[in-house]
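Have a look at the structure below before the remarks.
Hydrogens, waters and symmetry mates are skipped; everything else that's a heavy atom, side chains included, is used. Each chain gets a letter, A, B and so on, in the order its sequence line appears, and its residues count up from 1.
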Protein chains: 2
Amino acid sequence: MELFVERGYVQTTVEEIAARAGLTERTFFRYFEDKREVLFSGSKGLEKSIVEGIASAPKGASPFDAVAAAFEAAGAELQERRDLQYVRARWALVTQHAEIRERELIKLASLAVAVRAALHARGVDEPAASLTAEAGIAVFKIGFERWLEERKPRDFADHIRAAVVALRGVTVGGDEKKKKARSEKKDKKDKKE
Amino acid sequence: MELFVERGYVQTTVEEIAARAGLTERTFFRYFEDKREVLFSGSKGLEKSIVEGIASAPKGASPFDAVAAAFEAAGAELQERRDLQYVRARWALVTQHAEIRERELIKLASLAVAVRAALHARGVDEPAASLTAEAGIAVFKIGFERWLEERKPRDFADHIRAAVVALRGVTVGGDEKKKKARSEKKDKKDKKE
DNA sequence: CTCCTGATGTCAGTTAGTGACATGAGCGGT
DNA sequence: ACCGCTCATGTCACTAACTGACATCAGGAG
């Protein structure tokens, strides 16, 4: 990350990274599949913590609530463990380089698969499991972005909860009850948070 | 695609692709940003058709309904224009090669951005626009996968509608009304489709 | 002390991707 | 008919990400 900040991602060669770490290029590639992967060392742990969060949600909780709760907890954990400056620097790389954004997206996709499996383990069937997983990821993504957008990011969990509420507002209003449901519901529910 | 099927994606070099097309490697890279991009020539058109679909949805429609309708239409269009065999071969590449899946994901992300913008143009504000876009993409992804899973894929739009219904089922049940809402609603609504 | 194993280094090779410059076909203007 | 311009393509040389094969070397078990 030092090198990426100093000289930019593209300008930094793997050889330089390896040298800075006191290794050879070859050894670097024994630890990381490719150059990008060096930015994703934590993703396995995050996934684990989220899966555990889902597994340990109360029996009565709806699948979606279980996932949302797990994301809240994981967000809080990340908040404690990682330096905000590092998170910001990393996020800048993700937004600026399509190459890295691709990797970020595939990590999220792999997270979605893990979440789906965790839901299957709770007895949720398809296609609800897949859709809950995808919806959960969407909430996480948007919650994360809005959290980082704050000048001095505060509670991650707040943003997750806000995104959950917004998503509920959005999907409400099916084929049958187009007219009624919209105006009243939105006003009342969103205030509470 | 001929070459990819014959010898596999990794084994096929850009030089070979160029030769088969009667070009040099250099010219290939003038038309495609990189090797993967050759598999995504249609994505711009798909995006356009979806954005137009959202713009032309009836005024009264909810944002989510507008997005869902646009995806239905775009799915139908794709169904007509593309050879099923090609779609399957392409999808096999996407699932088998992380490299290509990454690119697929970033195209979907770019689609999400376009959808979000189209919703802004309809007067939808944040975070509803972002969440509707993400939810729409999720529905599209899952609808597409389930459509392709059929031995003889039939109506794409059916799968989109089914995914929409499932997503509505999943996000239902907020903080206030945990107990009631679940069992009755699901049974009645899902039957209709 | 020795053998084995696992981590690291060395080296040579492939391929994706890029920049600089050459060529050549077609086209508009005179 | 000729000129000169432009745009697509080709040629060439170069960088940097990755990979496979083999060498080396340190530390631990016996």
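For the pair B:I100 CD1 and C:dA16 P, the interatomic distance rounds to 13 Å; values are reported in whole Å. Remark: C1' of C:dT18 and CD of A:Q11 are 14 Å apart, rounded to the nearest angstrom. One atom, CD of B:E15, and another, P of D:dG10, lie 13 Å apart when rounded to the nearest Å. If you take CZ of A:F32 and C1' of C:dT8, they are 15 Å apart, rounded to a whole angstrom. The CD-P distance, from B:E37 to C:dT18, rounds to 12 Å in whole Å. Atom-to-atom, CD of A:E99 to P of D:dA17 comes out at 9 Å; the value is rounded to the nearest Å. For the pair A:F28 CZ and C:dT8 P, the computed distance is 14 Å after rounding to whole Å. One interatomic measurement links the two molecules: CD of A:E16 to C1' of D:dC18, which rounds to 17 Å at whole-angstrom precision.
Ionic pairing of A:E16 and A:R7 is present here: one or more N-O contacts between side-chain nitrogen and carboxylate oxygen are shorter than 4.0 angstrom. Between B:R36 and B:E104 there is no salt bridge, since no side-chain nitrogen of the basic residue lies less than 4.0 Å from a carboxylate oxygen of the acidic one. Using a cutoff of 4.0 Å between basic side-chain nitrogens and carboxylate oxygens, A:E126 and B:R146 are scored as salt-bridged. Under 4.0 Å is where a charged nitrogen must lie from a carboxylate oxygen, and between A:K48 and A:E52 at least one such pair does.
In the set C:dA16, C:dG9, D:dC12, C:dA16 carries the atom at the smallest distance from any side-chain atom of B:V14. For B:F29, counting side-chain heavy atoms from C-beta on, the closest listed nucleotide (C:dT18, D:dT19, D:dA17) is C:dT18. Checking C:dG17, D:dA21, D:dT11 against the side-chain heavy atoms of B:D34 singles out C:dG17 as nearest. When distances run from any side-chain atom of B:E25 to the nucleotides C:dT8, C:dT18, C:dA16, the shortest one goes to C:dA16. For A:R30, the listed nucleotide lying nearest its side chain is C:dT10; candidates were D:dT11, C:dA16, C:dT10. Ranking D:dA8, C:dA7, D:dT11 by closeness to the B:Y31 side chain, first place goes to D:dA8. Of all nucleotides listed (C:dT8, D:dG10, C:dT10), D:dG10 comes nearest to the side chain of B:T24. Nearest to the side-chain atoms of A:T27 among the listed nucleotides C:dT8, D:dA21, C:dA16 stands C:dT8. Of the listed nucleotides (C:dT15, D:dT9, C:dG17), C:dT15 has the atom at the smallest distance from the side chain of B:T13.
Side chain of B:R101 to backbone of A:I106: no donor-acceptor contact under 3.5 angstrom is found.
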